[in-house]
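Lettering follows sequence order; numbering is per chain, from 1. All values reported here derive from a predicted model rather than from experimental measurement.
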Number of protein chains: 2
Amino acid sequence: MSEARKWVTMGDVAARAGVGTITVSRALRTPGKVSQTTLAKVQKAVAELGYVLDETAGALSSQRSRIVGALVSTLEESVFATTLRGLSEGLAEGGLQLLLSATQYDPETEAALIPTLLGRRPEALVLTSDRHTPDARALLERAALPVLELWDLPERPVHVAVGFSNRAAGSAMTRHLIDTGRRRIAFVGLDRAHDSRGHLRLEGYRDCLRDLSDERVLLLPPRRGATGPDYGAQGLREVLRRWPDTQALICVSDTLAAGAWCEAMRAGLSVPDRIALTGFGDFDMAGSSGLALTTIRIDGAAIGRRAAELILSGDMERGTRIDLGFSLIRRASS
Amino acid sequence: MSEARKWVTMGDVAARAGVGTITVSRALRTPGKVSQTTLAKVQKAVAELGYVLDETAGALSSQRSRIVGALVSTLEESVFATTLRGLSEGLAEGGLQLLLSATQYDPETEAALIPTLLGRRPEALVLTSDRHTPDARALLERAALPVLELWDLPERPVHVAVGFSNRAAGSAMTRHLIDTGRRRIAFVGLDRAHDSRGHLRLEGYRDCLRDLSDERVLLLPPRRGATGPDYGAQGLREVLRRWPDTQALICVSDTLAAGAWCEAMRAGLSVPDRIALTGFGDFDMAGSSGLALTTIRIDGAAIGRRAAELILSGDMERGTRIDLGFSLIRRASS
DNA sequence: TGCAATCATGGTATCGATACCACCATCTGA
DNA sequence: TCAGATGGTGGTATCGATACCATGATTGCA
């Protein structure tokens with residue numbers, strides 16, 4: 001691979017087509033502005049040379065990078081993947097590309113990645129991470145681009161937020177269990193310092209339980225190499241050990257709920273008669289062909305598409321928070 | 001958001017620090033090449049102005065974009081996510097960023113996306129998609145960059161391939177079932193025209209079964225909105241209807257196997273006594289806290305890291321195929 | 001002490017495209 | 001017939017950084 005071939009330039013194409021470089025540029029960017037005959041000549045030369053327009057140079061001279069930076073918490077949970085699909089498809093219609101990085105749920109990593117994204121002079125920055133260090137926040141506020149925070153509705157967004165209320169979702173689930181006659185309801189989550197979303201769902205649970213019943217909250221310390229189902233299984237065991245008469249278990253995510261569900265099967269506990277289980281996210285396995293899990297569904301693709309629309313229209317009032325809501329899907333597990 | 005703030009330039013920083021622009025460039029790129037005092041002055045000015053180096057301009061003048069393009073089949077299956085993490089972490093050490101697009105398993109989409117990636121003049125292109133149109137292949141072969149194909153070992157790679165043999169994996173799983181006494185073994189997959197991987201696993205199954213037993217292959221037509229578990233559940237039902245005495249079912253992926261597993265539970269069929277189930281991918285739910293599924297594990301992160309190493313070292317012989325293998329994880333489902 | 005080597009720094013050309021302005025040919029309408 | 005509008009095309013400056021070469025200051029060693 002060391003044969004250092006060179007990239008063809010617009011000048012090469014222009015020479016071959018017998019026109020000026022600017023005409024080549026127009027033929028490729030705004031084909032309507034050149035005559036049919038020149039357009040054909042240019043296209044022929046482009047095809048023969050295998051030319052691909054150099055966006056790097058284009059970005060510099062036009063001062064438009066046609067790039068949108070995205071910083072997600074992780075790629076390994078499917079929740080963000082649908083958002084990215086919606087976002088990326090929406091942006092593609094406007095000729096924008098996604099430059100992607102993952103923070104692994106660490107605000108320090110996020111703070112380190114933001115400058116690397118800004119270095120590409122993106123036209124907007126999309127974040128699905130929920131917490132920023134003071135430095136990062138300052139950098140975002142000074143930067144000359146729109147910042148969109150997704151999957152959450154922070155009190156004080158940097159610019160614009162598109163998401164839903166995790167707290168309301170936590171309440172809605174708790175309310176559902178109360179409405180179906182449960183009173184001794186536990187909550188299991190992870191004790192991750194920077195996972196504000198899980199904590200917000202917990203707050204929702206607390207809001208709803210107030211005065212009705214006692215709290216049964218279990219926050220598990222993260223362990224290296226452990227997966228969602230591991231925590232879920234462990235969570236169910238510990239909850240039933242500490243509060244044996246628990247009737248329902250709200251899990252902070254579907255993967256935890258799935259682990260709890262499997263653990264219940266193994267222990268011979270009937271779901272939902274002995275214990276009801278709920279999750280969050282409506283992942284594939286939660287469907288009726290799978291575990292039939294009661295859960296909260298977020299339309300991740302819609303969040304992404306909405307963000308793309310906002311970016312393309314440029315219509316962003318500072319401080320806007322767009323609530324796309326959620327839906328509670330009741331299935332056999334409750 | 002319409003307050004059109006301007007980006008700070010290196011010239012602004014240089015003026016503020018009282019040095020030349022080139023010195024600012026050196027202070028940021030190769031801090032060892034400037035004196036302590038100027039370095040401090042520059043860093044102070046950078047901090048005060050909130051300057052972020054413009055990589056767009058840098059790419060043009062240095063003829064190094066510091067970008068690697070990646071084209072994955074989908075972001076919505078966790079298998080590629082770990083590869084992307086390994087790749088992105090590895091590249092970050094060399095100061096390279098990932099520009100990502102998803103083909104949605106469609107070679108036409110891939111062909112359309114390749115030029116948009118090449119437009120950024122990436123230093124390498126990574127593909128996890130397995131099939132290219134003739135046009136796309138021609139473009140890749142002419143382009144002046146290394147092309148890495150991941151997750152597979154094509155007969156004739158464009159340049160370099162890093163992956164494993166899906167065919168061998170299909171054989172290994174079939175062999176495992178035979179070795180544990182099963183003879184009437186079925187295979188269920190999806191009838192997706194462009195999913196060469198699934199077909200390769202099926203070939204492996206056929207290789208191994210030859211002469212020993214009859215083939216029981218079910219390829220389900222894709223339906224809009226259907227999920228892996230849906231196909232798995234349907235697959236188990238149809239297989240048992242057509243071949244009631246089937247002893248083991250090899251599913252083309254874990255999500256299918258999970259659906260089959262749940263369907264077996266619902267139908268009261270004991271796994272593995274009445275029917276053994278196997279998957280592919282070792283996703284979270286396959287672990288012992290979850291479904292305890294016998295499956296094939298691929299070290300996706302290792303594939304990504306290896307690709308990153310190759311890119312950073314530049315040490316790529318044309319035609320190289322690197323086989324990172326797989327491991328068969330036996331769990332309770334077989 | 002003197003000369004070469006090294007270090008720190010700056011000036012200027014350059015990367016490959018696009019913006020802006022200028023130009024020419026053709027067309028329109030009085 | 002000619003002024004003015006229009007459509008198609010090209011020349012040149014420019015975007016913001018880095019490469020290359022040149023310069024002056026400092027150091028090392030005989």
Side-chain angles (χ1 to χ4, degrees), chain A residues 4 6-43 45-46 49-67 95 115-116 118-123 144, chain B residues 4 6-43 45-46 49-67 95 115-116 118-123 144:
Chain A
K6 295 280 290 180
W7 290 98
V8 176
T9 74
M10 194 175 267
D12 299 333
V13 177
R16 186 171 193 112
V19 298
T21 56
I22 188 75
T23 303
V24 176
S25 174
R26 278 193 278 251
L28 296 174
R29 292 276 195 212
T30 49
K33 291 192 176 174
V34 296
S35 68
Q36 285 298 321
T37 52
T38 33
L39 182 57
K41 277 192 294 184
V42 171
Q43 285 173 338
V46 165
L49 295 172
Y51 175 68
V52 177
L53 209 148
D54 186 336
E55 298 281 354
T56 303
L60 186 59
S61 54
S62 69
Q63 299 288 78
R64 287 205 48 196
S65 64
R66 294 167 201 265
I67 277 188
T116 70
L118 292 181
R120 302 290 168 183
R121 298 293 184 264
E123 305 193 5
Chain B
K6 294 280 291 179
W7 290 97
V8 176
T9 74
M10 194 175 266
D12 300 334
V13 177
R16 184 167 194 114
V19 299
T21 56
I22 187 78
T23 304
V24 176
S25 174
R26 278 193 280 248
L28 296 174
R29 293 276 196 212
T30 49
K33 290 193 178 174
V34 296
S35 69
Q36 285 297 320
T37 53
T38 33
L39 183 56
K41 279 192 292 185
V42 171
Q43 284 172 339
V46 165
L49 295 172
Y51 174 68
V52 177
L53 211 149
D54 186 337
E55 298 281 355
T56 304
L60 186 57
S61 56
S62 69
Q63 299 288 78
R64 285 206 48 196
S65 64
R66 294 167 201 265
I67 277 187
T116 71
L118 292 181
R120 303 289 167 182
R121 297 295 185 264
E123 305 193 5

| said: If you compare all heavy atoms of B:P115 against all heavy atoms of A:V52, which two are closest, and at what distance to 0.1 Å? | reply: O-CG1, 3.4 Å
| remark: Of all heavy-atom pairs linking A:R121 and B:L53, the shortest is NH1-O, 3.7 Å
| query | Would you find a donor on one side and an acceptor on the other, under 3.5 Å apart, between the side chain of A:E123 and the backbone of A:S65? | reply | yes
| Side chain proximity check, B:V24 to B:L28, heavy atoms < 4.5 angstrom | yes
| Along nucleotides 7-17 of chain C, 5' to 3', which nucleotides get a B, which get an S, and which get a -, given that the test is a protein heavy-atom distance under 4.0 Å? | -SBBB---BBB
| Closest approach of A:W7 and A:D12, non-hydrogen atoms and distance? | O-OD2, 4.5 Å
